[in-house]
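Each chain gets a letter, A, B and so on, in the order its sequence line appears, and its residues count up from 1. Predicted model only: the values in this text are computed from it and were never measured.
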Amino acid sequence: MDFTLKIWRQENANAQGSMKEYKVTDIDADTSFLEMLDVLNQQLVDKNEDVISFDNDCREGVCGTCSLYINGEAHGPKKLVTTCQLYMRSFTDGQTIYVEPFRANAFPIVKDLVVDRSAFDRIQQAGGYTSFNTGSAPEANNILIPKEAAAEAFDAAECIGCGACVATCKNSSAMLFVSAKVSQFAYLPQGQVEAAERVMNMVAQMDAEGFGNCTNTGACEVECPKGISLENITRMNREFLKATLVPK
Amino acid sequence: MNKFLSTSIGRKVIMAITGFFLITFLLVHLGINLSLFWGKEAFNGASEFMATNGVIQVMQYVLAAGFIMHILLGIRLELKNRASRSVKYVMNKPSENASLASRNMIITGILVLLFLILHLKDFFVQLKFNAKGGFDTDYDLVTALFKSPLYTALYVLAFVLLGIHLSHGFQSAFQSTGANYNKFKACIKNTGIAFSILIAVGFSSIALYFFFI
Amino acid sequence: MTTLNSKIPEGPIDKKWENYKAHTTLVNPSNRRKLDVIIIGTGLAGGAAAATLGEAGYNVKVFYYQDSPRRAHSIAAQGGINASKNYQNDNDSDYRLFYDTVKGGDYRGREENVYRLAQLSGNIIDQCVAQGVPFAREYGGTLANRSFGGAQVSRTFYASGATGQQLLLGAYSSMNRQIKAGKVKSYNRHEMLDVVIVGGKARGIIARNLVTGAIERFGAHAVVIASGGYGNVFYLSTNAMNCNATAAWKIYKKGAFFANPCYTQIHPTCIPVSGENQSKLTLMSESLRNDGRIWVPKNLEDVKAIREGKLKPTEIAPENRDYYLERRYPAFGNLVPRDVASRAAKERCDAGFGVNKTGYAVYLDFADAIKRLGENTVKERYGNLFDMYQNIMGDNPYVTPMMIYPASHYAMGGTWVDYETMTTVPGLYAIGEANFSDHGANRLGASSLMQCLCDGYFVLPATISNYLNQDIHTGPIKTDSAEFEKAEADVKGLIDKLFAIKGTKSVDHFHKKLGKIMWDKVGLARNEKGLNEAIAEIKAIRAEFWKDVRVTGKPDQFNNELEKAIRVADFLELGELLAIDALNRKESCGAHYREESVEPEGPQKGEAKRNDKDFMYVAAWEYMGEGKEPKLHKEDLKFEAIELKQRNYK
């Protein structure tokens, strides 16, 4: 398969970026999108040009490192997969493909398609934990958790922190990401002790990072490679109301 | 409360609560308007009730405040949202993942607001402060206005836009207040759509009825 | 000259750890804030250690090449984590977990370390549950377990098929709490490029800021390497793209011995290579073998027809299928250990029975399981894996059998450490996959998560005080000393050298070439001739690399090509040591299979044959300088708590 690629190139955070056109030919349909970019980069090395920088690591859809806004959608046209799990068979021969970085002011560009998502880490640092020092945990089976609650907590905890929700949201809102963590703890008894503080602090940090406001368009849920449910946002809103309105 | 209002979720909750309030208002308003179908006396009676009832008089101001908050906060949120992505995508396909209504709340909202200003000028101000705009009764004022094709067209258009606005706003308000439980999700969504249609069709049908008779 | 002292505490095996803790030197909580610890890597071992040391009051600095600590490759572990809780009442115990781990490692792990691992395994689960790790549960609300990788007891805790992710996020969350508390300072997109030794002690590191390209110095009283394994030396592996051995290799060159590099695990259930541009291999949890049956066609005509697309596997009658694991190992069947399963697959494929276009794939078939359990149960157990397979291969495994093939996965070998996880360099530690100590010659399923967390949460935090107590009056380590100066200059020199080559071939070109040699000659089955060839060939590629590599871009910017070049330069040296070690070990043990060392006759004919008389030792290699042969040090292994047996899965 042959493709025309229009890719965002930007030297560094402060430089002016622009779309550049490239061509790749003779790509097997079973090649993954990132492997296709590898091929392109090999061509660039052969021409002694600077390669296109893009974040990637595990290439099995779980580390959350890869990103890319492909043809107008986060992680490309296929639903429920990350870019590294997107295969060229999802495209048609000869197609023009736009490749842009995840865009949000809270995700400044590092170079080309690489963005800085450390805002996510700072939000987690604000409250995405339970305060148990190592060694102080009670015997595991002393904390009984209904099977369903554990399963729902898992569904929320499956978030890989890739930022597709932010990239997709017309408001660059991080609500789906933040709510996944808040929701995970809301389902579990261990999470209850610090529930109020957690949601307040995480939301405050989220706002401070410059993410936009959620307007409930639901786009994040559709584009989330892990299928994190919008219900988490509902739950976080509820947790937030509880935390702010119920006196301590 | 200040702290609450300074958070993104707090603001969204205010949007939702004022939204609920406006939804209630729309229902009352529609009820009054529907009385036009029952003829002059019914409508004038209802109108009279609205003009004199103590609760309604007080609620007028609350309503005005709710409107203003909903509008101002909506604009403020929109500005912040726009500012959170300075460089736009060259290629973007928002229709792949979100409904038209949900993506254009600010547009439908502002258009409805523009209509609202016109509407207030033509009905509310006339009825309240201007001795029924020179007509004998409220009923006459209203039915006369609906004889204007331009006005009627605008009126219908505004309510279609409002319907679109509501089709997202209704469920969104439940979502923002955390009430959109999975169990009720489908029900809330369907009720929202039914409500949007009711509002759009209900108000429009009155205008069209009086235009064509 | 350094000699190996593994510092095993006194007492019977089950009391050693207790003894150690009772007699080790401590650091007073108020003194801990005067002590700095650098940790490289934020996976299960590094993340857990950072969190725990921060909680204890030390000042921790963590460095990692990823943009977030949550991306470390521990996240990709699927199956589960072992612990000897005996919740299932099936006679599990610390001893039994210890026994299985030592035996699984083919008696090449250190007995005392493994016993400690088993003893601490239960605490890990407690800790993780408290962190909110959503393990699978029973209806009564208790934790669920499954049997994993052929274990005879159900001791594996799991969170669907994403156990590693959930455990890592647990450690990450604990670390985040310490970052917020100011006890852990986190340096993302920083890659350690050298360790700095001052007065014989590890006193800091030189790191490259991967965003700006700046070469930066960081001082500390101790340095902990938790940078994972070196599986990417094979180029194609289940490791993440950027997993590398650079930290481990740099400390090797500064005096930390490297142990048992030839113990590399090839995982049997990976998705086969599909084409030239393949960049990595995807592992599917071994738990699949609990219900899936592995087979190839009995007849070569069928194989041919399948490869040509004329025949579907479902059309082959049961009597024409060779369920080769069940045939060769009736007692364990499809649940034989990873190395056995991997070699058996290679044997069939080498004999021409491979079922995909490349000839390197076997079937993993769930048709019987679906018949027995129903599609829903199978979906419940393996749904996410099936989805993953379908996405990659474009084929529905509920209908057609999966195709699998072994791939490089895990490094049992690693930096040599003593009982305290300290390397041969004082103040320099190695934990998790980066060290060598617990898994012997082969790692059992669901044991890596256990070992990483055990090292990070419990072992290192309990042992490091025995070293750091000397430093309570030292004060902060200054980074303007001559040693830091030199280390920084060396790193800059290396980078300049790479850019100065201005050759014609990409870094990947060399990495792929190295990987092919490693896989063909130092992979699943090894022999003297092949290993000697490999050593010569690796030397040649290395020479070519330093003459002809092309690194594009600039040094002072985000530059993935430069990152790769530095890593591949190290792989090109490590690969050789791996082959040297494999050549030295003229026995078959665990994952290390020497074709010369097999059972000559009897029912076990052709199976791997261990040689306890000559090789019951840890091979710890000392770096002797550029161009010189590494020096072998032997740590003899003793097994007092367990009887030596030849593995038999028949």
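Side-chain contact check for A/Phe240 versus B/Val13: every heavy-atom pair is 4.5 Å or farther apart. Residues A/Thr215 and B/Lys12 meet the side-chain proximity criterion, which asks for heavy atoms closer than 4.5 Å. Put simply, the side chain of B/Pro94 does not reach to within 4.5 Å of the side chain of A/Lys170, judged on heavy atoms. For the pair A/Arg103 and B/Lys88, the minimum side-chain heavy-atom distance is 4.5 Å or more.
Within 6.0 Å of CD on A/Glu148 lie no more than 12 heavy atoms contributed by other residues, nucleotides or ligands. For CZ of A/Arg89, the number of neighbouring non-hydrogen atoms (other residues, nucleotides, ligands) closer than 6.0 Å is greater than 12. Within a 6.0 Å radius of NZ in B/Lys189, other residues, nucleotides and ligands contribute 12 heavy atoms or fewer. Counted within 6.0 Å of CZ on B/Arg103, heavy atoms from surrounding residues, nucleotides or ligands total more than 12; the atom is thus considered enclosed.
At a 4.5 Å heavy-atom cutoff, A/Arg235 makes no contact with chain B through either its backbone or its side chain. Heavy atoms closer than 4.5 Å to chain B are found nowhere in A/Ile70, neither backbone nor side chain. Interface remark: A/Cys169 contributes backbone atoms only to the contact with chain B (heavy atom separation under 4.5 Å). Heavy atoms of A/Ala167 lying under 4.5 Å from chain B belong to its backbone as well as its side chain. Neither the backbone nor the side chain of A/Pro77 comes within less than 4.5 Å of any heavy atom in chain B. In this structure, no portion of A/Lys6 lies under 4.5 Å from any heavy atom of chain B. When heavy atoms are compared at a cutoff of 4.5 Å, B/Lys185 approaches chain A solely by way of its side chain, counted from C-beta outward. For a residue to count as touching a neighbouring chain, one of its non-hydrogen atoms must lie under 4.5 Å from one of that chain's; by this rule A/Phe211 touches chain B with the backbone only. Only the backbone of B/Ala83 comes within contact range of chain A, judged by heavy atoms closer than 4.5 Å. A/Leu241 touches chain B through its side chain: at least one heavy atom from C-beta onward sits under 4.5 Å away, while N, CA, C and O do not.
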Please list, one pair per line, the donor and acceptor atoms closer than 3.5 Å that link side chains of residues 30-37 of chain B to other protein atoms, with sequence neighbours excluded.
residue : atom : partner : partner atom : Å
B/Asn33 : OD1  : B/His29 : ND1          : 3.1
B/Ser35 : OG   : B/Ile32 : O            : 2.3

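For a heavy-atom cut-off of 4.5 Å, chain B lies close to A/Ala104, A/Asn105 in residues 104-120 of chain A. Of all residues in residues 145-175 of chain B, those placing a non-hydrogen atom less than 4.5 angstrom from a non-hydrogen atom of chain A are B/His168, B/Ser172, B/Gln175.
Across all their heavy atoms, A/Glu231 and B/Asn182 have their closest contact at OE1-ND2, 3.1 Å. Nearest heavy-atom pair across B/Ser8 and A/Val203 is OG-CG1, 4.2 Å. Taking both residues in full, the closest heavy atoms of B/Ser84 and A/Gly210 are given as CB-O, 3.4 Å, listed atom of the first, atom of the second, then distance.
Between the side chains of B/Arg85 and A/Ser172, at least one donor N or O lies within less than 3.5 Å of an accepting N or O. With hydrogens and angles left out, the side-chain atoms of B/Asn180 and A/Thr234 include no donor and acceptor closer than 3.5 Å. A donor-acceptor contact under 3.5 angstrom links the side chains of B/Ser176 and A/Asn216, judged on distance only.
Here CE of A/Met200 is found 4.0 Å from NZ of B/Lys3. Values are rounded to the nearest 0.5 Å. The distance from atom CZ of A/Arg238 to atom OH of B/Tyr181, rounded to the nearest 0.5 Å, is 3.5 Å. Atom-to-atom distance recorded for B/Thr7:OG1 and A/Asp207:CG is 6.0 Å, nearest 0.5 angstrom.
Comparing A/Cys214, A/Ser229, A/Ala204, A/Cys220 by how many heavy-atom pairs each has under 4.5 Å with chain B, the most go to A/Cys214. Chain B forms more heavy-atom pairs under 4.5 Å with one residue of A/Thr217, A/Val166, A/Thr244, A/Thr168 than with any other, namely A/Thr217.
Checking side-chain atoms of B/Asn97 against main-chain N and O of A/Val222 turns up no donor-acceptor pair under 3.5 Å. The main-chain N or O of B/Met91 is found under 3.5 Å from a side-chain atom of A/Glu100 such that the two form a donor-acceptor pair.
Residues passing the salt bridge (Lys or Arg N to Asp or Glu O under 4.0 Å) test with A/Glu209, sequence neighbours excluded: A/Arg122.
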